[in-house]
Q: 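Structure incoming, see below.
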Number of protein chains: 2
Amino acid sequence: MSYTYEYPRPAVTVDCVVFGLDEEDLKVLLIQRGAEPFLGKWAFPGGFVQMDESLEDAARRELEEEAGIRPSHLEQLYTFGTVGRDPRGRVITVAYFVLVKLSDYRPRAASDAREAAWFSVWDTPKLAFDHAEILSTALQRLKGKVRYQPIGFELLPPKFTLTQLQRLYEVVLERTLDKRNFRKKILAMDLLEELDEVEQDVSHRAARLYRFDHRKYKQLEKAGFNFEL
Amino acid sequence: MSYTYEYPRPAVTVDCVVFGLDEEDLKVLLIQRGAEPFLGKWAFPGGFVQMDESLEDAARRELEEEAGIRPSHLEQLYTFGTVGRDPRGRVITVAYFVLVKLSDYRPRAASDAREAAWFSVWDTPKLAFDHAEILSTALQRLKGKVRYQPIGFELLPPKFTLTQLQRLYEVVLERTLDKRNFRKKILAMDLLEELDEVEQDVSHRAARLYRFDHRKYKQLEKAGFNFEL
DNA sequence: TCAAAAGTGTTTGGATTACACCCATGG
DNA sequence: CCATGGGTGTAATCCAAACACTTTTGA
């Protein structure tokens with residue numbers, strides 16, 4: 001390997017924007033930094049890429065280490081490489097985009113005692129580095145994605161009501177949707193399995209529960225089906 | 001700056017996938033490599049990111065140096081970071097996506113005597129590194145982009161016929177479109193300015209020439225207009 | 001019996017598709 | 001006068017949007 005490249009190199013990190021949904025709102029996972037720079041400030045889980053791991057592997061490792069999250073699916077979001085974005089020197093970060101069922105990852109202290117917490121995406125504390133910009137890019141992506149992929153798969157619990165699903169779309173798209181049209185359209189996609197179960201412990205008529213049919217989704221996806229809402 | 005990071009770092013490059021359109025086909029710009037690895041093989045213009053330039057600046061610099069191209073607009077495509085993708089060692093590349101008017105950049109030898117040439121995107125030589133994968137990612141992006149942004153702006157000469165514009169869409173989408181419906185729709189967007197000019201030197205009825213109206217495009221874009229075809 | 005949310009169809013207007021012939025020009 | 005592509009309209013269908021009341025349940 002005689003032709004190795006010998007100039008100064010930027011450092012490369014990954015950062016993960018993890019979205020979850022709870023009863024009230026769309027949430028994003030933040031970690032309170034335990035080291036300089038930005039000690040005590042909130043930031044996305046992430047860290048330096050090792051020489052022997054791919055970018056996605058690095059993102060998965062950091063997610064596991066810092067937040068105990070092992071998501072099934074990561075999507076690359078964007079790479080941020082402005083010269084002054086990190087006071088430690090030249091650092092390029094590859095941001096990843098992750099959707100999880102928030103209920104699987106209730107707030108807990110990470111293994112290394114740094115605090116992890118979910119914040120409403122519309123009301124985060126001031127973020128370290130250029131993470132505010134990264135968040136805004138991620139929100140845009142989410143908004144675009146929701147239009148042609150059934151993201152409910154990943155954000156909702158396995159069994160959910162149509163109203164929950166509609167709320168998800170409304171929160172992400174930042175507009176209200178018509179209940180009847182929404183149901184018509186979503187059911188017409190034939191991706192949901194109607195269960196013989198209803199909500200429990202509600203003080204009004206209980207809603208029917210549904211489940212995503214992953215098999216049908218994969219089939220339709222291969223066939224180039226359009227999930228636009 | 002006491003907290004500088006001191007571990008081994010991957011190298012970071014940028015690569016540019018430049019598309020152009022000529023009479024026959026959609027073309028992509030390739031450079032014949034003048035150094036190992038992959039000496040003599042074809043690859044995208046690109047190179048190492050300097051410590052004092054942003055990713056996009058690096059992409060612009062390399063495009064200028066290697067192909068004499070100064071495009072108005074670059075779009076980040078994707079970052080490729082598989083461990084074995086470069087035999088020189090760990091190299092992460094940030095790929096950029098560029099549309100140009102091919103007529104502005106007729107094939108010429110680059111300043112450093114490496115050869116640059118346009119190839120049909122459906123029929124390229126074998127590419128260096130993982131550039132085949134990068135090309136396929138770029139083609140997907142182009143196909144997606146064409147559906148909600150008027151890419152004709154950047155690929156066509158300033159004055160063009162509706163048939164040329166339709167061909168562009170057909171080539172990118174890989175399907176034929178109905179002439180009457182296409183015209184109806186594209187004219188209804190009210191983005192084209194009809195000129196008092198027609199084609200020259202054709203051996204049949206000369207087609208009317210049109211021009212994009214950038215002002216109107218910017219306005220509509222701001223208003224969140226949908227350019228879907 | 002009241003409050004709260006679940007559930008359900010129809011109508012209308014706009015958009016998309018399919019489709020075929022005459023026109024202008026140069027050779 | 002012929003070959004080549006330029007240019008044009010209408011009808012049928014599908015899809016999206018608007019819209020309000022009845023049902024169920026628990027408190």
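Below, chain A is the first sequence line, B the second, and so on; all start at residue 1.
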Q: Measure from the side chain of B:Lys184, starting at C-beta and using heavy atoms only, and say which of C:dG27, C:dT17, C:dA24 lies closest.
A: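 It is C:dT17.
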Q: Using atom CZ of B:Arg167 as one end and atom C1' of D:dG6 as the other, report the distance to the nearest whole Å.
A: 12 Å
Q: Nearest whole Å is fine: how far is C:dA6 P from A:Arg208 CZ?
A: 13 Å
Q: Find the distance A:Gln166:CD to C:dT8:P and express it as a whole number of Å.
A: 14 Å
Q: Tell me the interatomic distance from A:Gln164, atom CD, to C:dA6, atom C1', rounded to whole angstroms.
A: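 After rounding, the gap between these two atoms is 13 Å.
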Q: With a 4.0 Å cutoff (strictly under), does any side-chain N or O of B:Thr163 reach OP1 or OP2 of D:dG6?
A: yes
Q: With the threshold set at 4.0 Å, does a side-chain nitrogen-carboxylate oxygen contact exist between B:Arg60 and B:Glu56?
A: yes
Q: Rounded to the nearest angstrom, tell me the gap between atom CG in A:Leu192 and atom P in C:dG7.
A: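 The answer, rounded to whole Å, is 13 Å.
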Q: Which sits closer to the 5' end of DNA chain D, A:Asp178 or B:Thr161, going by the nucleotide each is nearest to?
A: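 The answer here is B:Thr161.
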Q: Could you please name the option among D:dT10, C:dA6, C:dG7 that lies closest to any side-chain atom of A:His204?
A: C:dA6
Q: Nearest 0.5 Å, what's the CG-CD distance between B:Leu30 and B:Glu115?
A: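 With rounding to 0.5 Å, CG (B:Leu30) is 11.0 Å from CD (B:Glu115).
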Q: Using whole Å, report how far CZ of A:Phe182 lies from C1' of C:dG7.
A: 14 Å
Q: At under 4.0 Å, does any side-chain N or O of B:Lys179 touch on OP1 or OP2 of D:dG7?
A: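 Checking D:dG7 against B:Lys179, no side-chain N or O comes under 4.0 Å of OP1 or OP2.
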Q: How many Å lie between CG on A:Leu209 and P on C:dG7, as a whole number?
A: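 Interatomic distance, CG of A:Leu209 to P of C:dG7: 9 Å.
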Q: Rounded to the nearest Å, what distance is computed from the CZ atom of residue A:Arg205 to the P atom of nucleotide D:dT25?
A: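 Distance, rounded to whole Å: 7 Å.
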Q: Please state whether the rings of A:Phe44 and A:His131 are parallel, tilted or perpendicular, taking 30° and 60° as the class boundaries.
A: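 The rings of A:Phe44 and A:His131 lie parallel, inter-plane angle below 30°.
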Q: Between D:dG9, C:dG27, C:dG9, which one does the side chain of A:Arg180 approach most closely?
A: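 From the listed options, C:dG9 comes nearest.
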Q: May I ask you to evaluate whether A:Arg183 reaches the phosphate of C:dG7, defined as a side-chain N or O under 4.0 Å from OP1 or OP2?
A: yes
Q: Are the aromatic rings of A:Phe160 and A:Phe212 close, with centres under 6.0 Å apart?
A: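 So the answer is yes for these two rings.
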Q: A:Ala206 or B:Ala206: which one's nearest nucleotide on DNA chain C is closer to the 5' end?
A: A:Ala206
Q: Answer yes or no: is there a side-chain heavy-atom contact under 4.5 Å between B:Val121 and B:Leu26?
A: yes
Q: Hey, does the side chain of B:Lys185 come within less than 4.0 Å of C:dT16's phosphate (OP1/OP2), counting only N and O?
A: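 So the side chain of B:Lys185 is within the cut-off, an N or O lying under 4.0 Å from OP1 or OP2 of C:dT16.
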